[in-house]
Protein chains: 2
Amino acid sequence: MTRTLSEENYLKAIFHLSRNSKEKVSITTLAAALENTAASVISMLKKLTAKELVDYDKKKGASLTTVGEKAAIDIVRKHRLWEVLLAEKLEFSWEEIHDIAEQLEHVHHPELADRLDKFLGFPQFDPHGHPIPDIKGNISKIFGTLLSESAVGVELEVVGVKDSSSMFLNYLKKLDIKIGSKLKVEQIIDFDQSAVIKINNGGDISVSRKFLESILITSTGN
Amino acid sequence: MTRTLSEENYLKAIFHLSRNSKEKVSITTLAAALENTAASVISMLKKLTAKELVDYDKKKGASLTTVGEKAAIDIVRKHRLWEVLLAEKLEFSWEEIHDIAEQLEHVHHPELADRLDKFLGFPQFDPHGHPIPDIKGNISKIFGTLLSESAVGVELEVVGVKDSSSMFLNYLKKLDIKIGSKLKVEQIIDFDQSAVIKINNGGDISVSRKFLESILITSTGN
DNA sequence: ATATAAAATTAGTCATGTCTAATTTCTATT
DNA sequence: AATAGAAATTAGACATGACTAATTTTATAT
Ligand SMILES: [Mn+2]
Ligand SMILES: [Mn+2]
Ligand SMILES: [Mn+2]
Ligand SMILES: [Mn+2]
């Protein structure tokens, strides 16, 4: 009953996608997330359904069974713990760790996650600000809200990113934005929902709606 | 030009097998080492030959090209560095680390080995006493000689194992033999080349020839 | 030199996981 | 209700890396 790399990636994708919208995940959505075709997704979902890791066919869309969700959370836990090790111990930067963790998350050993967890001092969040499931699979609420939901003029602090791709993180690096950076939304452009923001009380720059939806912040009073 | 897990395991197997005997490796030998059939080995060797990682067909047997050897050493380096991390940082024991490292060695990132190396303080040997290739691919001579080559009555110290399988290491654990343990060969049985040995100046036990060929020792004077 | 055994090779099959190209089934909109 | 477009599904192909069952080649012993 050991899972293949592909199976694990499907489970994780379903987990993340149904986490946001809370609903069942469509073939099309999964296909886009995994960069596979709909045909491939369907055949894998059949396989996962047979293994009782996924509920499908019912209406439209897939969801994880209890066992499937447990497996997915385990992968996410490993992924985020490895990211902490890569960043804190091996001195990899924000934009490098995700792709390496994407490989490390598939290393199997019953005790590995727990040993890592202990060695790292039971971290609560990974370097991108995402909560690390604990040994029992409990996940704390995500910390912070999307920058896109912030009011204009309020002093904000970056607590995480929604998108961990190296493309996005390299962009942030160029803008000198990291966890702890100060942001302020100066204005929203009605036309396309883009915005002008101020970074670390420095100069103003213009960013897209997509950008605003990829950063997690908290308000720091004011 | 990224290598698959299978390709990497073949390269590593050829490397280890040609290291001992210094000669080209036969299909049969490789098949046994990889627990695959001869037919499978041949088709993979053709593939690796086409990729110019292996020289084959010539006479009988396979050997690594310069590029292939570089790749193999890189995998061995990662394997052993990960073993050090698993043992020293994550507190895994002798017999657990090899199988996990077998997975970790296939994680790809150009800087990963070097970062690990630095974090671990540039270890020279892995927890089984095997030399870790340095950043340039240089490998120190293996430390110690086989227990099977020791004279009777000489005080010896365990410096490593030749066989890192959990089956063998669990056996050693039961015998309370680890790196640093004291051994003495009391007598060799002519009939089957088995031996009676003394462990840590304790009781005598009888072990097979295969056992004697799986332990690396140094003489400690006397 | 010849028979026998071992080793290498070829041919064909299979499981996985992907794809493309139909085809079918929904969903909207008029 | 009819119909265009989107989403899901099916059918068939393909790459990878294994396998089994011949067959051929090579080595060894008489
Ligand atoms: Mn990540
Ligand atoms: Mn992954
Ligand atoms: Mn090992
Ligand atoms: Mn391996």
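Proteins get letters first, then strands, A, B, ... in listed order; numbering begins at 1 in each. From a predicted model like this one, the values you see are computed outputs, not experimental measurements.
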Checklist entry - For B:T28, which contact category applies under a 4.0 Å heavy-atom criterion: base, sugar-phosphate, or nothing? => result sugar-phosphate

Checklist entry - How long is the line joining CD1 of A:I42 and P of C:dA21, in whole Å? => result 17 Å

Item to check | Distance in angstrom units between B:K47 NZ and D:dA18 C1', rounded | outcome: 12 Å

Item to check | Separation of D:dG17 P from B:L30 CG (nearest whole Å) | outcome: 16 Å

Next on the checklist: Does C:dT18 have OP1 or OP2 under 4.0 Å away from a side-chain N or O of A:S6?
Outcome noted: yes

Checklist entry - Quick one: is B:T4 getting a side-chain N or O under 4.0 Å of the D:dT16 phosphate, OP1 or OP2? => result no

Next on the checklist: Without decimals, in angstroms, what is the distance between A:I27 CD1 and D:dA6 P?
Outcome noted: 18 Å

Next on the checklist: Name the residue from A:L53, A:L34, A:L30 that meets the side-chain contact (heavy atoms from CB on, under 4.5 Å) definition with A:I14.
Outcome noted: A:L30

Next on the checklist: Strictly below 4.0 Å: does A:Y10 bring a side-chain N or O up to OP1 or OP2 of C:dT18?
Outcome noted: yes

Next on the checklist: Can you see whether B:N36 engages B:Y10 through a side-chain donor-acceptor pair at a distance of less than 3.5 angstrom?
Outcome noted: yes

Next on the checklist: Starting the side chain at C-beta, find the nucleotide from C:dT20, C:dT9, D:dT20 nearest to A:T37.
Outcome noted: C:dT20

Checklist entry - Checking B:K210 against B:F168: charged group under 6.0 Å from the ring centre and within 45 degrees of the axis? => result no

Next on the checklist: Which nucleotide wins on minimum distance to the side chain of A:A39, given the candidates D:dA11, D:dA7, C:dA8?
Outcome noted: D:dA11

Checklist entry - Rounding to a whole Å, what distance do you find between A:L34:CG and C:dT16:P? => result 19 Å

Next on the checklist: Check the phosphate of C:dG17 against A:N36, side-chain N and O only, distance under 4.0 Å to OP1 or OP2. Yes or no?
Outcome noted: no

Item to check | Between P of D:dC19 and CE of B:M44, the distance in whole Å | outcome: 11 Å

Item to check | Cation-pi, B:F92 ring and A:R115 (6.0 angstrom, 45 degrees) | outcome: yes

Checklist entry - What is the distance from CG of B:L5 to P of D:dA15, rounded to the nearest Å? => result 21 Å

Checklist outcome for this item: Whole-Å distance, B:Y56 OH to C:dA7 P, equals 13 Å

Checklist entry - Considering only D:dA8, D:dT10, D:dG17, which nucleotide approaches the side chain of A:S26 most closely? => result D:dA8

Next on the checklist: For a quick check of understanding: with a heavy-atom distance under 4.0 Å over all strands, which category does A:S43 fall into, base, sugar-phosphate or nothing?
Outcome noted: base

Checklist outcome for this item: Exactly one of B:L81, B:D117, B:V107 clears side-chain contact (heavy atoms from CB on, under 4.5 Å) with B:L112, and that residue is B:V107

Next on the checklist: Quick check on D:dT10: is either OP1 or OP2 less than 4.0 Å from any side-chain nitrogen or oxygen of A:K46?
Outcome noted: yes

Checklist entry - How would you label the contact of A:S40 with the nucleic acid (heavy atoms, under 4.0 Å): base, sugar-phosphate, or nothing? => result base

Checklist entry - Which part of the nucleic acid, if any, lies within reach of A:E7 when heavy atoms closer than 4.0 Å are counted: base, sugar-phosphate only, or nothing? => result nothing

